[in-house]
S.K.: 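I have a structure here, written as structure tokens, and I will follow up with some questions on it.
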Amino acid sequence: MEQLFYYLKVSWFSVKRAPLPYMLTVLILSLGLGVFFSNATFYYRMNSDPLPDKSDKLFFPMMMLVPYQCSDCKPPSVLSYSNVAKLAASDIPSAKAAMYSADGYLRQHATQPPTPVNIRITQRDFFTMFDVPLLHGSVWADDQARDELLLSKASAEKIFGRSDVTGQQLLLDDRLFTVIGVLDEWQMLPKLYDAFGRNYLNAAEDIYLPLESGYDYNYLSNRNSSTFDDADYRKLATDGRTKAIHQLQYWVQLDTPAQQQAYRQFMANLVADEKAAGRHPSAEANQLVMMRDIIRYFGGESGDIKAFAIVTLLFLLVCIFNASHLSLNRYLSNQYEFSLRRALGAKRSQLQLQLLVDMSMMSAFTLGGAAVIAYGSINLMNYLWPSNRLFASWDLQLMLVLAALTLICSYLVTLYPSLRASFGSLNKQLKE
Amino acid sequence: MITLTNLSKIFRTELIETHALRDINLQVNEGEFAALTGPSGSGKSTLLNILGTLENFDAGDYLLDGISVKGLSDAALSKLRNEKIGFIFQSFNLIKDFSIYDNIELPLRYRGLKASERKQRIEHALELVGLHARRDYLPGQLSGGQQQRVAIARAIAGQPRILLADEPTGNLDSLMARQVMELLEQINQQGCTILMVTHDPDQARRAGRHIQIIDGQLHDSTLYDPLTRQTA
Ligand SMILES: Nc1ncnc2c1ncn2[C@@H]1O[C@H](COP(=O)(O)OP(=O)(O)OP(=O)(O)O)[C@@H](O)[C@H]1O
Ligand SMILES: [Mg+2]
């Protein structure tokens, strides 16, 4: 122990001897690591699995149930209300929910200025399927239309100043709704249930409304929808239910391979029936995509993020190179001291132990620097691209990776110099 | 205690080969005080570095206490330097930002002595060189002569059997040089073998033995001759 303090003292003295090059080395290394790490955070978040226990049980069915003919089209990602009804007729899935999203304005009293809100219009299984935590109240009793909504915790606190607001009434686009439930803090990251386009980068919605009410009150989808024939997309309550207005995402939970197989068969049968009825002019192109694969399926892995990751990796390498150059110079100017220590009887292993302590000290400083820079650059990225804001949080695992990476980099930076120093010629520097 | 037989050292650079030492035969006995003189570039420092195992050699052999250093590992050589040999350099080679105490402690640290034992030895060495009151000073706060005495204290704190001094008074004025010489003589009287490189004829005369090197070869009256030495 006492010996460790001694080594630390010696390291510290050698830092004090030339503080500027040392600080520069630490700074360069911190910069490389910080920038790399802020990017890695983003990458890690985006590739993480928000529901590791379930992401292989939740499926996104897609079918060519459209009135046009296309020989090698991918099936559209959205379904019409009537097609969803046909799919929903199957009781193979343990849970199923159709959904879309819309915009609205919320206030408590007609005298207040309204707040814009994002609305997810969906069915009751949504909450169990995606493990949405409920803080107060409950979800809808069934999938009927009703003037009941669920609120995110943040929205409840924003509007009422508290979270326990079940039973309270609210004006959503000046229609009176009763709050029946308040969600706990919840954010699926990436938001896979809404994973086409780059919607998986978005925040969870503020308000949850029953699907039937959404159609009744004519809440138009704010995402991609397609309309065919004479259907009028503005008339959701009527045309929306009967005609070809495709705007619903549909999710099913299939727990076992047998269920999955049965469901595929069910989809194939459905296509056969539809073909027979003349409503499926195209070739069959059914898809049943696992939640785990959804981003890959929709090609949502963005190329620029990958390119950026590679750039920051190269930047890190350049920084390591520069830092080792600096640190080599520092060691060479200290080499006289190494020779002296060797002359006084220090074994190579004793010098290397000293270098190890040097390295740990540098790692500690660099870790601090890198954490600050990574934090700063994440905040900068969030400021520049607010839509990525959700990806900036760290967890223990990430921090450990940062620490390990720092250790490795400091090691690389001090490795060559220390070898030079401990295997260099002994007598040269002592003569003067 | 030191035996060199036909020892040669060649420095090779890309352009030239320098025969720094040629066929050196030398025997130094326990308790001797030998002065090493010779013109600049004649190989004095090289010889001293080889004796101190800081430098290896190309031919011949070097026996220390009857054991050839050629076969020793790096760790064994470190141990040998640490325990048997003390170095004194012309430029003192103290670590500037370490206190006098910490400087003297260095070789004792590497030997792995306990704190109490280190302390006792350092105090003893400081006593001997007369710098006990300055133990917490930095080297820069001492005069050249005092710094060299610190270096001597560092060299003898480990109680080595051999002291190798390369122009220990080269950077000192005559008064300080005399003090250092007296100190070395005192240390020698306590039984430590000393080999000292010097340019000062007076110092060489004061030493018990005078060895001259010219052009990498020993040229002097005390040139080692194993036969006469052994029969004497
Ligand atoms: N590392 C080295 N590489 C090449 N040549 C060297 C090296 N060290 C010493 N020499 C050469 O070996 C010869 C002997 O050098 P050495 O330092 O032993 O001389 P010296 O007698 O100590 O001289 P001085 O009195 O100037 O200190 C010189 O010619 C020198 O140039
Ligand atoms: Mg010399």
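So that the names make sense, note that chain A is the first sequence line, chain B the second, and so on, each numbered from 1. Only a predicted model underlies this, so the values are computations on that prediction, with no experimental measurement involved.
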S.K.: Counting a contact as any heavy-atom pair under 4.5 Å apart, which residues of residues 98-106 of chain B contact chain A?
M.R.: B/F98, B/D102, B/E105, B/L106
S.K.: Around atom NE2 of A/H325, are there more than 12 heavy atoms from other residues, nucleotides or ligands closer than 6.0 Å?
M.R.: no
S.K.: Output all residues satisfying salt bridge (charged side-chain N to carboxylate O under 4.0 Å, His left out) with B/D97, sequence neighbours left out; order by chain, then residue number.
M.R.: A/R17
S.K.: Counting only heavy atoms not in A/Q397, do more than 12 fall under 6.0 Å of its CD?
M.R.: no
S.K.: Could I get the full list of ring-ring contact (aromatic ring centres under 6.0 Å, His included) partners for B/F87, not counting sequence neighbours?
M.R.: B/F89
S.K.: Shortest non-hydrogen contact from A/L344 to B/N82?
M.R.: O-ND2, 3.0 Å
S.K.: Answer with side chain, backbone, both or neither: which region of B/L94 has an atom nearer than 4.5 Å to a non-hydrogen atom of chain A?
M.R.: backbone
S.K.: What part of A/K16 is in contact with chain B, defined as an atom under 4.5 angstrom from a non-hydrogen atom: side chain, backbone, both or neither?
M.R.: neither
S.K.: Name every donor-acceptor pair, under 3.5 Å, that has one atom in a side chain of residues 404-413 of chain A and the other anywhere in the protein, sequence neighbours excluded.
M.R.:
residue, atom, partner, partner atom, Å
A/T406, OG1, A/L402, O, 2.7
A/S410, OG, A/S363, OG, 3.1
A/S410, OG, A/T406, O, 2.8

S.K.: A cation-pi test, strictly: NZ or CZ of B/R109 under 6.0 Å from the centre of the six-membered ring of A/Y6 and no more than 45 degrees from its axis. Yes or no?
M.R.: yes
S.K.: Please tell me whether A/R342 and B/S78 have a donor and an acceptor in their side chains that are separated by less than 3.5 angstrom.
M.R.: yes
S.K.: Looking at CD1 of B/I95 and CZ of A/F13, how far apart are the two atoms once the value is rounded to the nearest 0.5 Å?
M.R.: 10.0 Å
S.K.: Could you tell me the separation between the CD atom of A/E337 and the NZ atom of B/K96, rounded to the nearest 0.5 Å?
M.R.: 9.0 Å
S.K.: Treating A/Q350 as the side-chain partner and B/Y110 as the backbone partner, does any N or O pair qualify as donor plus acceptor under 3.5 Å?
M.R.: yes
S.K.: Inspect the surroundings of NE2 in B/H199 and state if more than 12 heavy atoms from other residues, nucleotides or ligands are less than 6.0 Å away.
M.R.: yes
